[in-house]
Number of protein chains: 2
Amino acid sequence: MLHRPDAFNARCPTRQVLDRIGDKWAVLVLILLEQETLRFNELRRRIDSISQKMLSQTLKSLERDGLISRRAFATVPVTVEYSLTPLGRTLAGTVAALTQWAEAHIGEVEEAQRRYDRGEIAA
Amino acid sequence: MLHRPDAFNARCPTRQVLDRIGDKWAVLVLILLEQETLRFNELRRRIDSISQKMLSQTLKSLERDGLISRRAFATVPVTVEYSLTPLGRTLAGTVAALTQWAEAHIGEVEEAQRRYDRGEIAA
DNA sequence: GGATGTTGGTTCCCAATAGATACTAGGGAT
DNA sequence: ATCCCTAGTATCTATTGGGAACCAACATCC
């Protein structure tokens with residue numbers, strides 16, 4: 001029935017990509033870098049409530065996946081710039097569609113949550 | 001600079017939606033239900049390696065958000081059907097674009113990972 | 001001249017979450 | 001009687017996330 005790579009099979013590598021997208025911090029980093037190259041602490045300041053650890057970890061994963069590139073300059077203190085690769089740029093476009101959906105439909109989602117919490121399980 | 005709801009602010013509800021999309025199981029459920037209405041154990045069998053607990057939890061969240069609807073029938077044993085709501089259907093379309101990206105670019109991602117793991121931090 | 005702040009991280013610890021396993025109820029089939 | 005089916009829940013543990021402290025090397029403040 002499924003003629004394409006089966007993302008529902010845990011062994012399928014497509015699932016790995018899906019798992020990466022399923023990282024909220026990665027999504028936010030991609031969206032920010034789509035607009036401009038940023039340094040580590042600039043990213044940290046812009047993404048409210050992200051910890052250094054998670055930012056560092058997220059950037060490392062994205063770099064490993066070839067989605068962003070890291071450039072360090074031997075200034076004092078050291079300067080590190082992160083930017084999207086061409087591959088990352090194609091993903092950022094797709095991810096932007098998700099944030100647009102979120103912004104467009106957040107009202108409906110919140111209303112559904114209120115209805116659900118009041119006990120109305122209506123469709 | 002940002003004229004739209006600020007997803008980078010933790011207090012912005014848009015971020016909640018982003019967090020929901022950032023759930024790998026939710027994404028897989030949405031994709032499956034886009035094609036047909038399915039029962040609990042059918043979903044469980046199709047999504048390789050999901051546990052009963054996580055499926056149950058994921059379905060409950062999606063229902064609360066108004067993205068899927070649950071219908072129980074008093075058969076023996078009880079039958080429970082899950083299907084997309086109109087709202088969920090609009091999201092499933094957007095999410096499908098992500099899986100298409102994953103399937104199209106998985107090769108590039110894997111090659112980047114191999115390069116990174118060999119120590120070539122090249123852009 | 002010592003305290004503090006900057007850079008981009010890493011390490012440690014604890015709380016929260018994910019996942020595996022077992023259990024429930026109310027039957028049906030063997 | 002015993003095992004299986006349904007759709008979950010309860011419990012326990014493994015993994016992960018987040019907070020805070022620490023690092024080097026310098027610049028500035030007082």
_Rounded to the nearest 0.5 Å, what separates atom OG1 in A:Thr94 from atom NE2 in B:His105?_
7.0 Å
*Roughly how many Å is it from CD1 in B:Ile50 to P in C:dT21, rounded to a whole number?*
15 Å
_From CG of B:Leu55 over to P of C:dT21, roughly how many Å is that when rounded to an integer?_
17 Å
*B:Met54 CE to D:dG8 P: how many Å, rounded?*
15 Å
_Minimum-distance nucleotide (side-chain atoms of A:Gln57 versus D:dC26, D:dG17, D:dG8)_ = D:dG17
*asked:* Does a side-chain N or O of A:Ser56 approach OP1 or OP2 of C:dT10 to a distance below 4.0 Å, or not?
replied: yes
*asked:* Rounding to an integer number of Å, can you tell me how far A:Leu38 CG sits from C:dG8 P?
replied: 11 Å
*Between D:dA7 atom P and B:Glu42 atom CD, what is the distance in whole Å?*
8 Å
*Out of D:dG18, D:dG8, D:dT6, whichever nucleotide has its closest atom nearest the side chain of B:Val78*: D:dT6
*asked:* Please pick, from C:dT10, C:dG8, D:dT9, the nucleotide with the shortest atom-to-atom distance to any side-chain atom of A:Asn41.
replied: C:dG8
*Have a look at A:Arg45 and say if it touches a base, only the backbone sugar-phosphate, or nothing, with a 4.0 Å heavy-atom cut-off.*
sugar-phosphate
*Is the closest side-chain heavy-atom distance between A:Leu18 and B:Leu28 below 4.5 Å?*
yes
*Judged by atom type as modelled, is there a donor-acceptor pair below 3.5 Å linking the side chain of A:Thr58 to the main-chain atoms of A:Met54?*
yes
*Considering only the P atoms, how many Å lie between D:dC3 and C:dA22, rounded to the nearest integer?*
15 Å
*Upstream residue (5' side of DNA chain D) when B:Arg39 and B:Lys53 are each assigned their closest nucleotide*: B:Arg39
*Could you state the atom-to-atom distance from CD of B:Gln52 to C1' of C:dA18 in whole Å?*
15 Å
*Between A:Lys24 and D:dG18, does any side-chain N or O lie under 4.0 Å from OP1 or OP2?*
yes
*Would you kindly give the CH2-to-C1' distance between A:Trp25 and D:dG17, to the nearest whole Å?*
10 Å
*asked:* Under 4.0 Å, counting only non-hydrogen atoms across every strand here, what does A:Phe73 touch: a base, just sugar-phosphate, or nothing?
replied: nothing
*Can you find a pair of side-chain heavy atoms, one from A:Val80 and one from A:Arg71, that are under 4.5 Å apart?*
no
*asked:* By the 4.0 Å heavy-atom rule, please label B:Arg44 as base, sugar-phosphate, or nothing.
replied: nothing
*So, A:Glu36 and A:Arg46, do they make that salt bridge, N to O below 4.0 Å?*
yes
*B:Asp23 CG to C:dT17 P: how many Å, rounded?*
13 Å
*Nucleotide nearest A:Arg70 when distance is taken to its side chain, options C:dT7, C:dG9, C:dA18*: C:dG9
